There are 2 protein chains.
Amino acid sequence: MLSIGDLSKRTGVKVPTIRYYEQMGLLSAAERSEGNQRRYERQDLERLAFIRHARDLGLDISAIRELIALSQHPHQPCGNVDRIASEHLKSVRDKIEKLKKLEQELERIVSHCDGDHAIEDCYVIRSLSDHGLCDGEH
Amino acid sequence: MLSIGDLSKRTGVKVPTIRYYEQMGLLSAAERSEGNQRRYERQDLERLAFIRHARDLGLDISAIRELIALSQHPHQPCGNVDRIASEHLKSVRDKIEKLKKLEQELERIVSHCDGDHAIEDCYVIRSLSDHGLCDGEH
DNA sequence: TTAGATATCTCCAGAAACTATAGGTTTGGA
DNA sequence: TCCAAACCTATAGTTTCTGGAGATATCTAA
């Protein structure tokens with residue numbers, strides 16, 4: 001039996017966050033010690049690792065709740081699971097695209113600034129003020 | 001003189017967001033009409049465009065506040081301006097790296113799932129549960 | 001000029017996913 | 001047995017907005 005602190009150390013999820021996940025219904029309410037402290041088992045460790053992993057992947061809490069619910073009806077076809085993951089893949093790709101544009105623009109802005117002239121002539125400030133100096137859309 | 005609605009239409013920033021920026025000290029308190037409604041001038045339009053552009057680039061409010069403060073001392077050298085933009089560029093690059101790893105992992109997950117078998121065999125669920133199945137770190 | 005529609009005002013609450021604090025109780029090791 | 005560390009609950013704060021309620025102002029058309 002693990003305390004909440006043990007669980008935290010093993011998964012890297014902070015203690016208040018574990019309690020928060022319980023409150024959000026991602027973890028079922030843990031057993032309690034005589035003194036009312038949470039006690040966990042291996043299953044809970046796995047569940048929390050699942051949640052953490054999914055959060056790292058950027059899935060939001062409702063998507064994770066959905067996946068957990070699906071995984072508890074194991075004889076259903078897994079089309080929905082595939083759908084959730086595919087949707088998420090799309091959104092990750094969108095994010096990458098947007099960030100790449102930002103990267104280009106910031107590179108361009110920074111490369112014009114040698115850090116050694118007066119602010120009134122600074123390209124960073126000028127280009128932030130004037131969208132017309134940008135190469136692309138954003 | 002522009003109303004807050006005009007300003008909103010011209011910049012694409014929603015009305016409550018403009019008021020929020022004023023509250024956060026990014027926009028100075030606007031002049032008021034006799035009936036206490038905000039009235040803006042061209043300068044305010046430019047300032048708001050600057051803020052919007054910087055937000056689009058992902059700079060947070062405190063960074064923007066810093067840039068605005070710096071831009072009000074136009075004869076100082078612009079090293080700090082460069083620093084803020086460079087730091088942000090670095091964090092954008094980090095995010096891109098992380099998201100690319102996620103993209104690969106999700107691709108791998110989705111490609112294993114044809115949406116047509118039972119959940120108990122589904123690779124999505126298995127690999128989310130078991131971090132050991134991942135290719136890389138995240 | 002006046003009625004009615006639209007825009008604005010302030011203040012407050014909510015969304016997401018935590019994080020932190022306060023004040024009190026339990027546990028585990030010397 | 002004692003005390004520090006960990007735990008408990010409840011509540012508030014974080015960030016960047018967004019939306020609503022209820023009251024007031026402004027604009028337009030008749």
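Everything numeric here is computed off the predicted structure, so don't read it as measured data. Letters A, B, ... are given to chains in the order of the sequence lines, protein chains preceding strands, and every chain is numbered from 1.
Between L27(A) and D44(A), the closest heavy-atom pair is CD2-O, 4.4 Å. The nearest pair of heavy atoms linking L45(B) to L2(B) is CD1-CD1, 4.3 Å.
Listed by residue number, S3(B), I4(B), G5(B) are the residues of residues 2-16 of chain B with a heavy-atom contact under 4.0 Å to DNA chain C. The stretch residues 27-40 of chain A touches DNA chain D through R32(A), N36(A), Q37(A), R38(A), each having a heavy atom within less than 4.0 Å of the strand.
A salt bridge is defined here as a Lys NZ or Arg NE, NH1 or NH2 lying under 4.0 Å from an Asp or Glu carboxylate O, and R39(B) with E34(B) fails to meet this definition. A salt bridge is defined here as a Lys NZ or Arg NE, NH1 or NH2 lying under 4.0 Å from an Asp or Glu carboxylate O, and E107(A) with R93(B) meets this definition.
In this structure, Y20(B) places its OH atom 18 Å from P of dG14(C), rounding to the nearest Å. Atom P of nucleotide dT16(D) and atom CZ of R55(B) are separated by 6 Å, given to the nearest angstrom. In this entry the distance linking CD of Q23(A) with C1' of dC18(C) reads 11 Å, nearest Å. Note: CE (M1(B)) to C1' (dT8(C)) measures 15 Å, nearest angstrom. We find that CZ of R19(A) is positioned 11 Å from C1' of dT19(C), with the value rounded to whole Å.
The main-chain N or O of T11(A) is found under 3.5 Å from a side-chain atom of R52(A) such that the two form a donor-acceptor pair.
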